[in-house]
**Student:** 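Okay, here's the structure, questions in a sec.
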Amino acid sequence: MTHALLVIDVQNDFCPGGALAVAGGDEIVAGINTAMADFDAVILTQDWHPAGHSSFASTHDAAPMSMIQMPYGPQVLWPDHCIQGTQGAAFHNQLHVDRADLIIRKGYNPAIDSYSAFFENDKTTPTGLEGYLRTRGITTLTLVGLATDFCVNYSAVDAAKLGFDVTVNMALCRAIDFDGSLDAAKDGMAQAGVTLA
Ligand code: VGL
Ligand code: ZN
């Protein structure tokens, strides 16, 4: 059994002071660093949007946190965040980035958001992570990071659907918790066969 730690989006814009700050987002960094020692592989994801991304409210002259209909379905419109090459897109400066075997970026397609580390929000365009995991013989994943109810949730559900054995370590995640999104995410993950630890 090869077990990977998948660290989702521990980036400055999701930490206090960031553009899309998640309450307590920085509190999980030390625990994630400690946890890294227990895994065969460590993989980091990095939300990585071009300026003017279609998931940004400013792109549509809309209010942040409003909804829009995209060709692939409903999409929350976010404040501008994790713009490629900015400090906001950089990892939290305490995160042990050097321990990572792979850093996978997502959300770079201007027209499609990508909450999941496996598929863009159209649910069909792959990021390539599945192939990486399979070719390394990784069967088991533990997810931690930000945000529980969006990128952790979508990544965990996709991983379970793909047949990986998936656990989310909830103590090492923090949520946006917007409009019931955390409860819905917990239900959806449990339904998909994800273990919430
Ligand atoms: C995320 C909203 C937009 C996340 C990323 O990492 O959960 N949420 N982009
Ligand atoms: Zn994003």
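As a basis for the values below, the full set of heavy atoms in this structure was taken, side chains included, without hydrogen atoms, waters or symmetry mates. For ligands, and for the atoms within them, numbers begin at 1 and follow the listed sequence.
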**Student:** Answer yes if the side chains of Ser181 and Asp149 hold a donor-acceptor pair under 3.5 Å, and no otherwise.
**Tutor:** yes
**Student:** Which residue in the set Gln75, His53, Lys106 passes side-chain hydrogen bond (donor to acceptor under 3.5 Å, both in side chains) when paired with Asp113?
**Tutor:** Gln75
**Student:** Ignoring angles and geometry beyond distance, decide whether Ala147 reaches within less than 3.5 Å of ligand 1 through its nitrogen or oxygen atoms.
**Tutor:** yes
**Student:** Note the single closest protein heavy atom to atom 3 (C) of ligand 1, along with its residue, its atom name and the distance in Å.
**Tutor:** His81 NE2, 3.4 Å
**Student:** Around atom CD of Gln191, are there more than 12 heavy atoms from other residues, nucleotides or ligands closer than 6.0 Å?
**Tutor:** no
**Student:** Can you sort out which atoms of ligand 1 are near Asp9, meaning under 4.0 Å from one of its heavy atoms?
**Tutor:** 4 (C), 6 (O)
**Student:** In Asp47, the N, O or S atom nearest to the Zn ion (ligand 2) is which?
**Tutor:** OD2
**Student:** Are any N, O or S atoms from His53 nearer to the Zn ion (ligand 2) than 2.8 Å?
**Tutor:** no
**Student:** Could you tell me the residue and atom name of the protein heavy atom closest to atom 4 (C) of ligand 1, and the distance to it rounded to 0.1 Å?
**Tutor:** Cys151 SG, 2.8 Å
**Student:** Of Asp38, Thr167, Thr142, which is the lone residue that meets side-chain hydrogen bond (donor to acceptor under 3.5 Å, both in side chains) with His3?
**Tutor:** Thr142
**Student:** Is the count of non-hydrogen atoms from other residues, nucleotides or ligands lying under 6.0 Å from Glu27 atom CD greater than 12?
**Tutor:** yes
**Student:** Confirm or rule out an N/O/S atom of Cys82, from backbone or side chain, lying less than 2.8 Å from the Zn ion (ligand 2).
**Tutor:** no
**Student:** For the residue pair Tyr154 and Tyr115, does the interplanar ring angle fall in the parallel (under 30°), tilted (30 to 60°) or perpendicular (over 60°) class?
**Tutor:** perpendicular
**Student:** Tell me the angle that NE2 of His81 and NE2 of His49 form around the Zn ion (ligand 2), rounded to 10°.
**Tutor:** 90°
**Student:** Considering only non-hydrogen protein atoms, determine which one is nearest to atom 8 (N) of ligand 1 and report residue, atom name and distance to 0.1 Å.
**Tutor:** Phe150 CB, 3.9 Å
**Student:** Given Asp47, Val10, Leu146, which one has a non-hydrogen atom that is nearest to atom 5 (C) of ligand 1?
**Tutor:** Asp47
**Student:** When you measure from the centre of the six-membered ring of Phe164, is the NZ or CZ of Arg134 under 6.0 Å away and within 45° of the axis?
**Tutor:** yes
